[in-house]
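Just below is one structure, and these are the notes that go with it.
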Amino acid sequence: MQQKSEFTPEEHNRRGVALLEAGHGHEAFEHLSRAYLIDPQNARFRSSYALALALVRGQFLGAVELARAAVRQEFYNPDLYQNLARIYLAFDFKADAIRFLRRALMVDPENAAVHRRLAELGIRRRPLIRFLPRGHALNRLLGRVQARMLGRAAWALSRVQGA
């Protein structure tokens, strides 16, 4: 009986993604790099490899280039946008990460994982007076008033719905 010694690219990718999520970066990198090297034209493999390249090896530019190429190839796949966003977040580029998560929502508005990730990031509303900086005293004052009004409106709505 001969034992199967090599995984398919799909198996390498699946195992690599699972290992990456479990925090086994170096093992994950081996699987994801094998999947990518076997089938470099596959956008999912390229994107997963790019994520590992960023998270495990700390190579931002190479990872972004590969992940963007994957997104261009499969612009309809929200998972690829999420990987690109994770790469940007790993290097503290929060605004870019949010931009790509929003693009993922354009592709799949009901994607729970993207909504959850955006909620974790704590997205702020735009300043009320957009031509002034966010930290300007007028924007801060108006923001507090707006938050208080929205809080009261939500409270009143909950009272009406509860009655």
Side-chain angles (χ1 to χ4, degrees), residues 1-128 130-135 139 143 146-147 150 154:
M1 184 167 123
Q2 193 173 5
Q3 195 174 15
K4 186 178 177 184
S5 63
E6 187 62 35
F7 299 121
T8 66
E10 190 65 46
E11 289 169 332
H12 275 302
N13 193 64
R14 188 173 51 253
R15 287 174 186 258
V17 169
L19 286 166
L20 194 61
E21 295 304 320
H24 303 285
H26 295 291
E27 278 183 80
F29 186 81
E30 289 302 316
H31 281 286
L32 294 172
S33 62
R34 285 187 182 150
Y36 173 66
L37 290 173
I38 292 169
D39 188 1
Q41 299 306 312
N42 186 304
R44 284 183 307 108
F45 300 164
R46 187 181 307 130
S47 178
S48 298
Y49 173 68
L51 181 60
L53 195 62
L55 298 180
V56 177
R57 296 282 169 95
Q59 296 180 14
F60 177 72
L61 293 177
V64 166
E65 185 178 321
L66 287 170
R68 282 179 177 248
V71 165
R72 280 191 302 273
Q73 184 178 345
E74 285 189 16
F75 58 89
Y76 49 85
N77 188 339
D79 295 334
L80 304 184
Y81 289 100
Q82 285 186 76
N83 284 348
L84 187 53
R86 286 181 65 186
I87 292 168
Y88 277 105
L89 278 176
F91 292 90
D92 292 327
F93 294 111
K94 184 178 175 181
D96 291 312
I98 289 170
R99 184 167 45 104
F100 286 110
L101 289 171
R102 286 184 175 150
R103 286 187 185 174
L105 285 180
M106 286 182 208
V107 172
D108 182 8
E110 303 301 318
N111 191 307
V114 176
H115 282 289
R116 191 171 37 256
R117 177 114 19 210
L118 282 169
E120 289 169 3
L121 291 174
I123 298 172
R124 296 155 69 176
R125 286 189 289 272
R126 287 185 171 158
L128 288 171
R130 292 184 185 158
F131 61 86
L132 291 177
R134 178 179 297 281
N139 265 331
Q146 181 188 36
L150 288 175

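Residues Asp108 and Val114 fail the side-chain proximity criterion, which asks for heavy atoms closer than 4.5 Å. With a 4.5 Å cut-off on side-chain heavy atoms, Asn42 and Asn13 do not count as touching. Residues Asn77 and Val107 fail the side-chain proximity criterion, which asks for heavy atoms closer than 4.5 Å.
When all heavy atoms of Tyr49 and Tyr36 are compared, the closest pair comes out as CD2-CD2, 3.6 Å. Here the closest heavy-atom approach between residue Val17 and residue Ser48 is recorded as CG2-OG, 3.7 Å. The shortest heavy-atom contact between Leu66 and Ala50 is CB-CB, 3.7 Å. Nearest heavy atom pair, residue Ala67 against residue Ile87, reads CB-CD1, 3.7 Å. Closest approach of Ala90 and Leu55 over heavy atoms only: CB-CD2, 3.5 Å. Here the closest heavy-atom approach between residue Ala43 and residue Ala70 is recorded as O-CB, 3.4 Å.
With hydrogens and angles disregarded, a donor-acceptor distance shorter than 3.5 Å links the side chain of Asn139 to the backbone of Leu132. Remark: side-chain polar atoms of Lys94 are not paired, donor with acceptor, to backbone N or O of Leu89 under 3.5 angstrom. A donor-acceptor pair under 3.5 Å links the side-chain atoms of Gln73 to the main chain of Gln41, judged by distance alone. At least one donor-acceptor pair closer than 3.5 Å links the side chain of Ser33 to the backbone N or O of Phe29. At distances below 3.5 Å, at least one donor-acceptor pair connects side-chain atoms of Arg46 with backbone N or O atoms of Pro40. Looking at Asp39, its side chain never comes within 3.5 Å of a backbone N or O of Phe45 through a donor-acceptor pair.
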Residue pair Arg44, Glu10: steps toward the salt bridge (charged side-chain N to carboxylate O under 4.0 Å, His left out) verdict = CA-CA 10 Å; Arg44 284 183 307 108; Glu10 190 65 46; 2.7 Å; yes

query = Between Leu51 and Leu32, is a side chain to side chain contact (heavy atoms under 4.5 Å, CB included) present by the stated rule, with each step listed?
reply = CA-CA 9 Å; Leu51 181 60; Leu32 294 172; over 6 Å; no

Verdict with reasoning, Glu110 to Leu105, per side chain to side chain contact (heavy atoms under 4.5 Å, CB included) = CA-CA 7 Å; Glu110 303 301 318; Leu105 285 180; over 6 Å; no

task = Go through Arg86 and Glu21 one step at a time and tell me if the salt bridge (charged side-chain N to carboxylate O under 4.0 Å, His left out) criterion holds.
result = CA-CA 12 Å; Arg86 286 181 65 186; Glu21 295 304 320; 2.7 Å; yes

message = Assess the residue pair Met106 and Phe75 against the criterion (side chain to side chain contact (heavy atoms under 4.5 Å, CB included)); give the C-alpha distance rounded to whole Å, side-chain angles, the decisive distance to 0.1 Å, and a yes or no.
response = CA-CA 10 Å; Met106 286 182 208; Phe75 58 89; over 6 Å; no

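Residues Glu11 and Arg34 are not paired through a salt bridge, judged by the lack of any N-O separation under 4.0 Å between the basic side chain and the carboxylate.
Here the CG atom belonging to Asp96 is positioned 8.5 Å from the CG atom belonging to Leu84, to the nearest 0.5 angstrom. Annotation: the span from Asp79 atom CG to Asn111 atom CG amounts to 7.0 Å, rounded to 0.5 Å.
The side chain to side chain contact (heavy atoms under 4.5 Å, CB included) test with Leu19 singles out one residue from His26, Glu27, Glu30, and that residue is Glu27.
His12 meets the side chain to side chain donor-acceptor pair (under 3.5 Å) test with Glu6, His31; sequence neighbours excluded.
Taking the six-membered ring for Trp and the full ring otherwise, Phe91 and Phe60 have centroids separated by under 6.0 Å.
A perpendicular orientation is assigned to the rings of Phe93 and Tyr88, their planes being inclined by more than 60° (bins at 30° and 60°).
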